[in-house]
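Side-chain atoms are counted along with the backbone in the values below, which use heavy atoms only and exclude waters and symmetry mates.
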Amino acid sequence: MDTISGLPLHPLLVHLAVVAIPLAALLGIIGAAWPSARRVLGVVPPIVALVAVIITPLTTSAGEALEKRVPESAELHRHTDLGGEMIAWVAPLFVAVVLLWALHSDAIMRLLPITLSPNVFRVIDIVLRVAVIVTAIGSIVMVYLVGDSGARAVWLN
């Protein structure tokens with residue numbers, strides 16, 4: 001299915017992606033940089049990141065269906081190339097956000113068959129915080145690049 005009531009699905013899904021991906025990134029950065037905010041946010045960042053990781057391939061797939069119905073151009077080719085790379089940032093963002101949340105969840109950590117030493121916990125915490133921040137910034141940049149190239153593909157043809 002690539003249309004809803006005759007309208008292309010891609011532009012409709014893009015609106016959700018443009019909200020979910022940066023929101024997941026921002027919540028991830030807040031959680032990584034501000035421990036007390038992470039406690040208040042709880043499971044919200046992983047849920048928003050899950051929405052982002054689900055909507056990304058759906059949007060890409062709908063875009064590929066739409067691409068077959070519009071005239072080919074260099075701008076369109078750039079947009080589809082960049083859009084195909086979006087999941088390479090969103091999926092690692094999702095994984096990093098979930099792992100950071102799980103690391104700081106007492107309920108999850110009690111399920112582990114081992115107890116992490118304070119030094120190991122600290123190293124894992126730092127690595128995950130850096131991973132969240134890097135993938136979040138990359139995801140935000142990619143949303144901008146994909147969106148800009150899509151707008152150029154639509155409006156410059």
Compile the donor-acceptor pairs under 3.5 Å between side chains in residues 89-102 and protein atoms, sequence neighbours left out, one pair per line.
none

Quiz prompt | Value rounded to 0.5 Å, distance of OG1 in Thr135 from CG in Leu128 | solution = 10.0 Å
Exercise. Check whether any side-chain heavy atom of Thr59 lies under 4.5 Å from a side-chain heavy atom of Met86, and answer yes or no.
Key: no
Using distance only, find each side-chain donor-acceptor pair of residues 15-39 under 3.5 Å and give its atom names and separation, not counting sequence neighbours.
residue : atom : partner : partner atom : Å
His15   : ND1  : Pro11   : O            : 2.6
Trp34   : NE1  : Ser36   : OG           : 2.9
Arg38   : NH1  : Gly31   : O            : 2.6

Practice problem: Only counting residues at least two apart or in another chain, list the ones meeting salt bridge (charged side-chain N to carboxylate O under 4.0 Å, His left out) with Asp81. | Solution: none
Practice problem: If a pair satisfies salt bridge (Lys or Arg N to Asp or Glu O under 4.0 Å) and one of its residues is in residues 142-151, list it, with sequence neighbours excluded. | Solution: Asp148-Arg152
Quiz prompt | Closest approach of Leu103 to Met109 (non-hydrogen atoms, all atoms of both residues) | solution = O-CG, 3.3 Å
Self-check item: Shortest non-hydrogen contact between Leu58 and Ile54, atoms and distance
Solution: CG-O, 3.4 Å
Self-check item: His79: partners by side-chain hydrogen bond (donor to acceptor under 3.5 Å, both in side chains), with sequence neighbours left out
Solution: Ser149
Self-check item: Listed once per pair and sorted, the salt bridge (Lys or Arg N to Asp or Glu O under 4.0 Å) pairs that draw on residues 127-144, sequence neighbours left out
Solution: Asp125-Arg129
Practice problem: Using the test side chain to side chain contact (heavy atoms under 4.5 Å, CB included), find all partners of Val123 that sit at least two apart in sequence or belong to another chain. | Solution: Val127
Exercise. Output the distance between atom CD1 (Ile55) and atom CG (Leu13), rounded to the nearest 0.5 Å.
Key: 4.5 Å
Quiz item: Taking all non-hydrogen atoms of both residues, which atom of Ile87 and which atom of Gly84 are closest, and how far apart?
Solution: CG2-O, 4.0 Å
Quiz item: Who are the ring pair (Phe, Tyr, Trp, His ring centres under 6.0 Å) partners of Tyr144, not counting sequence neighbours?
Solution: none
Quiz prompt | Value rounded to 0.5 Å, distance of CZ in Phe121 from NE2 in His104 | solution = 4.5 Å
Practice problem: Please report the C-alpha distance between Leu82 and Arg78 in whole Å, then the side-chain angles of each, then the deciding distance to 0.1 Å, and finally whether the side-chain contact (heavy atoms from CB on, under 4.5 Å) criterion is met. | Solution: CA-CA 6 Å; Leu82 288 170; Arg78 175 168 165 70; 3.7 Å; yes
Practice problem: Just grab all the side-chain hydrogen bond (donor to acceptor under 3.5 Å, both in side chains) pairs involving residues 61-70, residues at least two apart or on different chains. | Solution: none
Quiz item: Who are the side chain to side chain contact (heavy atoms under 4.5 Å, CB included) partners of Val70, not counting sequence neighbours?
Solution: Leu66, Leu76
Quiz item: Hey, any chance Val48 and Val43 share a hydrophobic cluster, counting ILVMFWY side chains that come within less than 4.5 Å of each other, even indirectly?
Solution: no
Practice problem: Determine which pairs satisfy side-chain hydrogen bond (donor to acceptor under 3.5 Å, both in side chains) with at least one residue from residues 105-123, sequence neighbours left out, and list them in order. | Solution: Asn119-Arg122
Quiz item: How would you list, by chain and number, every residue that makes a side-chain hydrogen bond (donor to acceptor under 3.5 Å, both in side chains) with Thr80, sequence neighbours excluded?
Solution: none
Quiz prompt | Step-by-step side-chain contact (heavy atoms from CB on, under 4.5 Å) determination, Val53 to Leu50 | solution = CA-CA 5 Å; Val53 83; Leu50 177 63; 4.1 Å; yes
